[in-house]
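From a predicted model like this one, the values you see are computed outputs, not experimental measurements.
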Amino acid sequence: MCIKTDFHLHSSLSADSDTPMEEMIQRGLALGLRTMCFTEHMDYNIINEGLSFMVDTDIYHKKYLELREKYKARIELLFGIELGIEPQNKEFLENYVKSWDFDFVIGSSHIIDGFDPYYPAYFEGRTEEESYRRYFETITENLSAFSDVDTYGHLDYIVRYGPDKDKYYSYEKYRDLIDPALKMMIEKDVGLEVNSAGLKKGLAFPNPHPDIIRAYRRMGGEIITVGSDAHCPENIAYDFETVRSLLLECGFQYYTIFRGRKPEFVKL
């Protein structure tokens, strides 16, 4: 495995994982990873099925420091966060990011007009195409309100959960909305995440679609981060060889890691 870093990881400190952070680290060691960046969920005021998606950052930071010290001779551990962006939460997000010394910040679209596309209710009362289009519209809305992030996570996350998933989905069908989002990301120095969980969820590609990755490169985008979005040990660094091959095919020679919010380019 040539990609030795995983920059999108969750543990039991996130509401949707049951795996202690130390178990995730032990699996990373077994895989030969050099660096793991935890990115627990911070979705302001979001409660799904009775679970709060606002990580207790004090507890998270304390556990991270404890394990970073314990494993410092064996693997590099970094302190990240995955922010669910919604324009009305701009002030909270600005203050939150300034309050902690994160190594890496992912911005993601998780909630669209009050609904999470993970649940079928988001798709009720409109076609799949209308649902997808509204999702892509909100990316530029989110970035216009708040862009202090290092990468945008799983840009076409919604396709994992649509009624027909990727059967009728293509970049060309939505490029009138996707291209402005990519352009804004580049203008604001926000990278593009390649998230291998799309493959794990049964899609033919990681998130986002390869044509989106090519479009980002064509527009001059250079910051590509790679993460598995693993919530359990068996999904860490999931199918990273496929991701590496895809990035090379799309014209990238490097991927990006962050320490102290500063990008570093690593040869694929």
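Note that the CG atom of Leu77 and the CE atom of Met21 stand 8.0 Å from one another [nearest 0.5 Å]. Rounding to the nearest 0.5 angstrom, the gap separating the NE2 atom in His61 from the CH2 atom in Trp100 is 6.0 Å. Atom CE of Met184 sits about 10.0 Å away from atom CD of Glu141, to the nearest 0.5 Å. Here CD1 of Ile85 is found 13.5 Å from CE of Met42. Values are rounded to the nearest 0.5 Å. In this structure, the separation between CD1 on Ile111 and OH on Tyr122 is 11.0 Å, given to the nearest 0.5 Å. Atoms CD and CD1, on Glu193 and Ile223 in that order, are 13.5 Å from each other to the nearest 0.5 Å.
The shortest distance between side-chain heavy atoms of Thr225 and Ile257 does not fall below 4.5 Å. With contacts defined as side-chain heavy-atom distances shorter than 4.5 Å, the pair Val226/Thr256 does not qualify. Contact of the Ile236 side chain with the Leu31 side chain is registered, since non-hydrogen atoms from C-beta on lie closer than 4.5 Å. Residues Phe252 and Phe265 fail the side-chain proximity criterion, which asks for heavy atoms closer than 4.5 Å. At least one side-chain heavy atom of Leu246 sits less than 4.5 Å from a side-chain heavy atom of Pro206. For the pair Leu143 and Met185, the minimum side-chain heavy-atom distance is below 4.5 Å. Between Glu241 and Cys2, some side-chain heavy-atom pair lies under the 4.5 Å cut-off. Taking the side chain as every heavy atom from C-beta outward, Ile212 and Ile178 approach each other to under 4.5 Å.
Stacking of Lys267 on the aromatic ring of Tyr254 is recorded, both the 6.0 Å distance cut-off and the 45° axial limit being met.
Between the side chain of His10 and the backbone N or O of Thr39, at least one donor-acceptor pair lies under 3.5 Å. Listed for the Glu94 side chain is no donor-acceptor partner under 3.5 Å among the backbone atoms of Glu91. In this structure, Asp6 contributes its side chain and Ala237 its backbone to a donor-acceptor pair below 3.5 Å. With hydrogens and angles ignored, the 3.5 Å screen pairs a side-chain donor or acceptor of Ser52 with a backbone N or O of Met54. Formation of a donor-acceptor pair under 3.5 Å by the Lys165 side chain with backbone atoms of Lys201 is found in this model. Without hydrogens or angle criteria, His154 side chain to Asp156 main chain gives no donor-acceptor distance under 3.5 Å. A distance-only check finds a donor-acceptor pair linking the side chain of Ser170 to the backbone of Lys173 [under 3.5 Å]. With Thr151 contributing its side chain and Gly153 its backbone, the two residues share no donor-acceptor pair below 3.5 Å. Although no hydrogens or angles enter the test, the distance criterion places no donor-acceptor pair under 3.5 Å between the side chain of Ser245 and the main chain of Thr242. Side chain of Ser17 to main chain of His231: a donor-acceptor pair is present (N/O by atom type, distance under 3.5 Å, no hydrogens or angles).
Within 6.0 Å of CZ in Arg126 there are more than 12 heavy atoms belonging to other residues, nucleotides or ligands. More than 12 heavy atoms of other residues, nucleotides or ligands lie within 6.0 Å of CG in Asp164, so this atom counts as buried by the packing criterion. Within 6.0 Å of the OH atom in Tyr118, the count of heavy atoms belonging to other residues, nucleotides or ligands does not exceed 12.
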Leu65 and Glu69: CA distance, side-chain angles, deciding distance, side chain to side chain contact (heavy atoms under 4.5 Å, CB included) verdict: CA-CA 6 Å; Leu65 291 176; Glu69 178 65 21; over 6 Å; no

Residue pair Arg217, Glu249: steps toward the salt bridge (charged side-chain N to carboxylate O under 4.0 Å, His left out) verdict: CA-CA 11 Å; Arg217 185 73 189 99; Glu249 289 171 9; over 6 Å; no

Given ring pair (Phe, Tyr, Trp, His ring centres under 6.0 Å), test Phe258 with Phe104 step by step and report yes or no. CA-CA 6 Å; Phe258 283 80; Phe104 180 56; 5.4 Å; yes

Side chain to side chain contact (heavy atoms under 4.5 Å, CB included), that's the test. Do Tyr152 and Leu192 meet it? Break it down for me. CA-CA 5 Å; Tyr152 214 90; Leu192 178 68; 5.5 Å; no

Please report the C-alpha distance between Ser14 and Phe53 in whole Å, then the side-chain angles of each, then the deciding distance to 0.1 Å, and finally whether the side chain to side chain contact (heavy atoms under 4.5 Å, CB included) criterion is met. CA-CA 7 Å; Ser14 288; Phe53 279 74; over 6 Å; no

Start with the C-alpha distance between Leu29 and Leu33, add both sets of side-chain angles, then the distance that settles side chain to side chain contact (heavy atoms under 4.5 Å, CB included), and finish with yes or no. CA-CA 6 Å; Leu29 285 167; Leu33 293 183; over 6 Å; no

In sequence, state the C-alpha distance, the side-chain angles, and the governing distance for Ser108 and Glu82, and then conclude on side-chain hydrogen bond (donor to acceptor under 3.5 Å, both in side chains). CA-CA 7 Å; Ser108 294; Glu82 182 181 11; 2.7 Å; yes

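The existence of a salt bridge linking Asp176 and Arg133 is confirmed by a sub-4.0 Å separation between a basic side-chain nitrogen and an acidic carboxylate oxygen. The pair Arg160-Asp229 meets the salt-bridge criterion, with a side-chain N (NZ, NE, NH1 or NH2) lying under 4.0 Å from an Asp/Glu carboxylate O. Remark: Lys200 does not engage Asp239 in a salt bridge, criterion side-chain N to carboxylate O under 4.0 Å. Between Glu22 and Lys70 there is a salt bridge, with a side-chain nitrogen of the basic residue lying less than 4.0 Å from a carboxylate oxygen of the acidic one. The residues Arg261 and Asp148 are annotated as salt-bridged, a charged nitrogen and a carboxylate oxygen being separated by less than 4.0 angstrom. Look at Glu76 and Arg34 and you find no salt bridge, because none of the NZ, NE, NH1 or NH2 atoms lies under 4.0 Å from a carboxylate O.
Looking at every heavy atom in both residues, Leu247 comes nearest to Val194 through CD2-CG2, 3.9 Å. Looking at every heavy atom in both residues, Ile139 comes nearest to Ser109 through CG1-OG, 3.8 Å.
Linking Ile, Leu, Val, Met, Phe, Trp and Tyr whenever their side-chain heavy atoms come within less than 4.5 Å leaves Phe205 and Tyr238 in two separate clusters. A continuous path of ILVMFWY side-chain contacts below 4.5 Å connects Ile224 to Leu248, so both sit in one hydrophobic cluster. Cluster membership for Phe7 and Leu268, using ILVMFWY side-chain heavy atoms within less than 4.5 angstrom, is shared. In the hydrophobic clustering of this structure, Phe240 groups with Val266; members are Ile, Leu, Val, Met, Phe, Trp, Tyr whose side-chain heavy atoms approach within less than 4.5 Å, directly or through other members. Linking ILVMFWY side-chain heavy atoms closer than 4.5 Å, directly or via other members, places Leu199 and Ile158 in two distinct hydrophobic clusters.
Ring geometry, Phe123 versus Tyr132: the interplanar angle exceeds 60°, so the pair is classed perpendicular (tilted spans 30 to 60°).
Applying the salt bridge (Lys or Arg N to Asp or Glu O under 4.0 Å) criterion to Glu172, with sequence neighbours excluded, gives Arg175.
For the residue pair His110 and Asp43, a side-chain donor N or O sits within less than 3.5 Å of a side-chain acceptor on the partner. For the residue pair Asp113 / Tyr135, no side-chain donor-acceptor distance below 3.5 Å is found, with atom types taken as modelled. Checking Glu40 against Ser11 by side-chain atom types alone, a donor-acceptor pair falls below 3.5 Å. With 3.5 Å as the limit, one finds a donor-acceptor pair spanning the side chains of Tyr96 and Thr57.
Among Tyr64, Phe38, Phe79, Tyr60, the one residue that satisfies the ring-ring contact (aromatic ring centres under 6.0 Å, His included) test with Phe102 is Phe79.
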